[in-house]
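Taking it in order: structure first as structure tokens, then the write-up.
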Amino acid sequence: MNSSLRPGPSRWRRAASIVLAAAWTRPETATPPSRPPPAEGFRLLLLQRSPDQGFMPGAHVFPGGVLDAADRSADWLGLFAPHHGPPGFGLGPAPFSRAAFPSLPHTGDSNADNTGELPEDVAFRICAVREAFEEAGVLLLRPRSSPPGPAPGPGLALEPPPGLAAWRARVRRDPRHFLRLCAHLDCTPDIWALHNWSAWLTPFSRTATRRFDTAFFLCCLREPPPVYPDLAEVVGYQWSSPSETTESFLSKEIWLAPPQFYEVRRLANFASFSDLHKFCLGRALEGLERWLPIILLTADGMVHLLPGDELYLEDSDFLENLMSTEKKTEEIMKEGKQFHRIVIHNRHLYDIHVTVQSKHKHVYPKNSVVSKSHL
Ligand SMILES: Nc1ncnc2c1ncn2[C@@H]1O[C@H](COP(=O)(O)O)[C@@H](OP(=O)(O)O)[C@H]1O
Ligand SMILES: CCC(=O)SCCNC(=O)CCNC(=O)[C@H](O)C(C)(C)COP(=O)(O)O
Ligand SMILES: [Mg+2]
């Protein structure tokens, strides 16, 4: 079966998301009741999308958005010099490229066409850092005078500059202003603090109005920076550990799309902030696979099939189609053995089932512990 992208309506907007994991050891002193530090020793930043958003209104997501031409502009070269520049920008050897279904026409290094644009792994990092600034006012920058060492420690967000709101408005209006802000602060985006984590394509569904090809990066921060939601695209935020986030989702305080839920459950494997940071450094060169979930509609629910699952078909028909069955989800589960799937029982109850071996030194999610009271 042909697995390459056919001409047709399959169009994914290229995007980047950043999972910010901040070390969290002290209880919060702010308004009571204060929460004790989480068991995991770190919390993740989740932003609440505006109810007016055209795509996933109201969902909690990691900061992120669509790649802009300004993110790959050759104008960045002057700012990264003299310490960093092509081909690697100090990111180490390029990770292995992992061919996975479906192959998309735009993958590969945009420098190959000699346009002078930044390599993709740099441009996507700049996009993620810019979006974190636009949406959350978090500035993941590094002074140009202090280049990172070979195994950089956890990052630290820069204090917001005077005139944060005006700068942010300018960047939101025209992303080219982000380079001007960095030059003004004599900093570069801290691309070295962003670790390749995962990549997701929005599946075909009858309701999704847009589709994204999103690179997820993970960034460990020594402490949580202050967050200033833009109150336009993003109307709120929370810092919560993987277990706290799971609980918020199950108790219907927040809604997560399946990829975000999967990543939260993956992060539930780490017992401490330093474990997570070491893990990120250890798999820096492994690269990633980009996953296209295929939605299987059942008589009473839905299953998002992921690569490796016995029902997953690398068939280009499923770029634009669902699978469906008249059987109930429970029956489908009883029949199978080789699982890599997210079972959607209802809007606030997902179960992840993975029985396949993890690849490329990554971890697979911990299954969410579902109590009967949530059913
Ligand atoms: N005040 C607002 N309320 C709702 N959505 C907004 C908004 N301001 C911007 N947006 C939307 O947020 C998206 C920008 O996302 P990002 O910069 O993270 O990629 C755009 O959506 P579209 O992507 O649908 O055009 C834009 O229309
Ligand atoms: C059909 C049910 C689904 O699974 S929808 C899945 C939505 N998620 C994705 O497509 C992949 C993850 N991508 C993101 O989370 C993006 O950062 C984004 C979609 C939130 C970016 O959107 P923006 O409007 O900010 O450009
Ligand atoms: Mg966004």
Side-chain angles (χ1 to χ4, degrees), residues 10-20 44-71 104 124 126-138 168-178 194 197-218 229-237 249 254-264 266 288 290-297 301-306 318-323 341-344 346-348 350 352:
S10 313
R11 291 282 178 271
W12 286 272
R13 295 161 81 188
R14 308 188 77 194
S17 259
I18 181 166
V19 182
L20 290 179
L44 311 170
L45 178 62
L46 286 153
L47 304 180
Q48 184 177 18
R49 290 167 73 81
S50 156
D52 302 327
Q53 281 275 5
F55 184 71
M56 301 206 300
H60 276 71
V61 295
F62 305 114
V66 173
L67 185 75
D68 189 273
D71 300 326
L104 302 181
F124 275 99
I126 293 176
C127 169
V129 172
R130 175 181 56 73
E131 289 285 348
F133 174 62
E134 286 186 29
E135 296 179 354
V138 172
R168 185 147 64 159
R170 269 179 234 134
V171 177
R172 281 170 55 82
R173 204 172 51 242
D174 178 352
R176 283 177 298 185
H177 282 286
F178 191 52
L194 272 64
W197 187 256
S198 62
W200 292 86
L201 289 165
T202 314
F204 172 80
S205 83
R206 294 196 187 112
T207 51
T209 47
R210 296 165 179 76
R211 297 177 84 178
F212 296 88
D213 169 3
T214 311
F216 282 68
F217 295 98
L218 195 128
D230 65 16
L231 302 181
E233 190 185 337
V234 165
V235 294
Y237 74 96
F249 172 73
I254 67 171
W255 184 77
L256 301 170
Q260 280 78 6
F261 181 79
Y262 186 102
E263 296 304 349
V264 166
R266 175 132 77 177
L288 339 142
R290 184 203 287 111
W291 290 342
L292 170 70
I294 296 175
I295 296 180
L296 167 64
L297 291 180
M302 196 190 288
V303 181
H304 284 218
L305 301 169
L306 298 170
F318 297 113
L319 300 178
E320 298 300 333
N321 283 298
L322 303 164
M323 287 184 186
R341 57 181 72 170
I342 310 173
V343 176
I344 318 279
N346 64 47
R347 198 173 146 74
H348 283 275
Y350 305 164
I352 301 176

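Atoms within each ligand, like the ligands themselves, are counted from 1 in listed order. Being a predicted model, the structure only gives us computed values, none of them experimental.
- Looking only at heavy atoms of the protein, atom 14 (C) of ligand 2 is closest to Q260 NE2, 3.7 Å.
- Annotation: G64 places an N or O atom under 3.5 Å from an N or O atom of ligand 2; distance criterion only.
- At a 4.0 Å heavy-atom cut-off, ligand 2 does not touch R211 at all.
- Counting heavy atoms closer than 4.0 Å to ligand 2, residue R13 contributes nothing at all.
- Between I295 and M302, the closest side-chain pair of non-hydrogen atoms falls below 4.5 Å.
- Distances from ligand 2 to the non-hydrogen atoms of F62 include no value under 4.0 Å.
- Residue-ligand proximity: G64 is placed with a non-hydrogen atom under 4.0 Å from ligand 1.
- Of the possible polar contacts, none joining the R341 side chain to the V303 backbone as a donor-acceptor pair under 3.5 Å is found.
- Residue-level proximity to ligand 2 for T214 is carried by the side chain, the only part with a heavy atom below 4.0 angstrom.
- The protein non-hydrogen atom at the shortest distance from atom 17 (O) of ligand 2 is S17 OG, 2.9 Å.
- For the pair F261/I352, a side-chain contact is recorded, criterion being any heavy-atom separation below 4.5 Å from C-beta on.
- Here R210 has no heavy atoms under 4.0 Å from ligand 2, in either its backbone or its side chain.
- Between W200 and Y262, the ring planes are perpendicular. Angles over 60° get that label, and only those under 30° would be called parallel.
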Pair W197-R266, side-chain contact (heavy atoms from CB on, under 4.5 Å): steps then yes or no: CA-CA 11 Å; W197 187 256; R266 175 132 77 177; 3.8 Å; yes
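- Distance screen at 4.0 Å: atom 26 (C) of ligand 1 has no protein heavy-atom neighbour inside the cut-off.
- Only the side chain of R172 comes within 4.0 Å of ligand 1, judged by heavy-atom distances.
- The single protein non-hydrogen atom nearest to atom 20 (C) of ligand 1 is Q53 OE1, 4.6 Å, given as residue, atom name and distance.
- For atom 3 (N) of ligand 1, the closest non-hydrogen atom of the protein is A232 O, 3.5 Å.
- Of the listed residues (F204, W291, F212), the one carrying the non-hydrogen atom nearest atom 21 (C) of ligand 2 is F212.
- Within the protein, the N, O or S atoms lying under 2.8 Å from the Mg ion (ligand 3) are G64 O, E135 OE2, E233 OE2.
- When hydrogens are left out, the protein atom nearest atom 17 (O) of ligand 1 is E131 OE2, 3.1 Å; that is the closest non-hydrogen contact.
- If you take CH2 on W12 and CG on L292, they are separated by 5.5 Å, rounding to the nearest 0.5 Å.
- No part of E131 comes within 4.0 Å of ligand 2, judged by heavy-atom distances.
- The residues R168 and D230 are annotated as not salt-bridged, no charged nitrogen and carboxylate oxygen being separated by less than 4.0 angstrom.
- For the pair P258 and ligand 2, a heavy-atom separation below 4.0 Å is found.
- Of the protein's heavy atoms, V66 N, 2.9 Å lies nearest to atom 19 (O) of ligand 1.
- Interface atoms of ligand 1 facing R210, defined by a heavy-atom separation under 4.0 Å, are 22 (P), 24 (O).
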